[in-house]
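These numbers come from a predicted model, not from an experiment.
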Amino acid sequence: KEKHKILHRLLQNSTSPVDL
Amino acid sequence: LSLPQKKTFLGGGHVENKVVSHLLGAEPEKIYAMPDPALPDSDIKALTTLCDLADRELVVNIGWAKHIPGFSSLSLPDQMSLLQSAWMEILILRVVFRSLGCEDQLVFAEDYVMNEEQAKLAGLQDLYTAILQLVRKYTSIKLHREEFVTLKAIALANADSMHIEDWVAVQRLQDSLHAALQELVSVLHPEDGQRAGRLIMTLPLLRQTAAKAVQHFCNIKQDGRVPMHKLFLELLEAH
């Protein structure tokens with residue numbers, strides 16, 4: 001996971017889950 | 001590199017599907033390539049421009065993925081696995097959609113359009129040919145914007161990563177997007193019962209083309225002559 005830290009950070013940032 | 005004359009395909013029916021209207025609303029704003037005017041034209045300049053554009057596109061595509069209904073309910077590792085597998089398919093599908101109606105040109109961005117000659121100079125002829133095959137396929141199908149956004153979400157949900165933890169959750173996402181595509185197609189093309197299947201059947205060529213592109217950019221990375229930003233490198237290394 002350490003290798004993919006930018007992707008990880010971008011996904012964690014202010015996620016607003018959408019469930020319809 | 002000039003701005004192409006873009007023809008758009010007009011949709012017929014009105015789309016009521018919630019998933020599709022959400023996907024339409026989540027579609028990222030356009031991004032410009034802004035090639036560095038200080039650099040002389042060369043293959044390195046073209047590839048540098050494309051890698052920089054891809055890096056910025058990736059940031060917005062990750063933001064877009066979070067808006068796909070159901071995607072954010074997946075575990076973070078599963079979200080990562082899908083994006084690590086499908087990121088290039090998403091980039092390419094966006095280029096393909098922008099290039100519809102533009103005679104044999106690839107519209108990487110509104111300010112960055114490549115014809116065959118320019119692709120050849122950048123060492124991208126094989127990739128140009130492969131992406132153009134997709135453009136021709138979707139041109140003959142007359143792909144609508146609504147179908148494009150749904151197909152793009154399906155490509156992500158259908159990434160076939162080997163590292164998925166919760167297959168049931170991913171399958172639920174796939175099923176809801178597939179249902180959205182079927183409903184959409186039945187509204188846009190009620191006369192054509194085969195259309196959803198025909199759209200899904202374009203995905204193997206998209207995956208094959210994306211694999212080619214990843215391989216090509218991995219080779220460029222090894223070569224070391226083209227500067228690449230961290231996110232683009234990170235995702236290339238995921239393969």
Side-chain angles (χ1 to χ4, degrees), chain A, chain B residues 16-26 55-87 90 153 156 161 163 165 169 172-173 176-177 179-180 183 228-239:
Chain A
K1 220 169 280 177
E2 188 50 33
K3 274 174 70 183
H4 308 299
K5 50 189 183 200
I6 303 176
L7 175 61
H8 189 265
R9 204 180 57 221
L10 286 170
L11 279 171
Q12 268 192 323
N13 276 353
S14 63
T15 310
S16 46
V18 181
D19 279 306
L20 294 174
Chain B
E16 295 281 4
N17 185 288
K18 269 188 186 174
V19 172
V20 175
S21 49
H22 200 92
L23 289 173
L24 282 174
D55 190 77
R56 286 179 289 125
E57 278 259 344
L58 284 170
V59 175
V60 300
N61 287 341
I62 292 164
W64 158 80
K66 292 198 284 193
H67 286 94
I68 298 173
F71 183 81
S72 292
S73 331
L74 300 177
S75 71
L76 193 55
D78 283 352
Q79 294 180 31
M80 289 178 70
S81 296
L82 291 180
L83 278 164
Q84 281 163 357
S85 297
W87 62 278
I90 296 162
L156 177 61
S161 163
H163 308 292
E165 294 172 343
R172 211 179 302 131
L173 177 64
S176 90
L177 292 167
E183 190 190 327
M228 293 175 176
H229 295 295
K230 282 183 183 164
L231 179 59
F232 187 64
L233 281 173
E234 189 178 291
L235 288 166
L236 276 182
E237 281 160 12
H239 280 262

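- One distance of note links CD of A/Gln12 with CG of B/Leu76; it measures 5.5 Å at 0.5 Å rounding.
- Using a 4.5 Å heavy-atom threshold, the side chains of A/Asn13 and B/Lys66 count as touching.
- Annotation: the span from B/Lys230 atom NZ to A/Lys5 atom NZ amounts to 6.5 Å, rounded to 0.5 Å.
- Interatomic distance, CZ of A/Arg9 versus CG of B/Leu231, reported as 9.0 Å (0.5 Å rounding).
- Residues meeting the side chain to side chain contact (heavy atoms under 4.5 Å, CB included) test with B/Asp78, sequence neighbours left out: B/Leu74, B/Ser75, B/Ile164, B/Glu165, B/Asp166.
- For a residue to count as touching a neighbouring chain, one of its non-hydrogen atoms must lie under 4.5 Å from one of that chain's; by this rule B/Leu83 touches chain A with the side chain only.
- Residues meeting the side chain to side chain contact (heavy atoms under 4.5 Å, CB included) test with B/Leu233, sequence neighbours left out: B/Lys221, B/Met228, B/Glu237.
- Proximity to chain A is limited to the side chain of B/Leu235, based on heavy atoms less than 4.5 angstrom apart.
- Two residues are said to be in side-chain contact when any heavy atoms from C-beta on lie closer than 4.5 Å; A/Leu11 and B/Phe71 meet this criterion.
- Counting only heavy atoms from C-beta outward, the side chains of A/Ile6 and B/Val59 never approach each other to under 4.5 Å.
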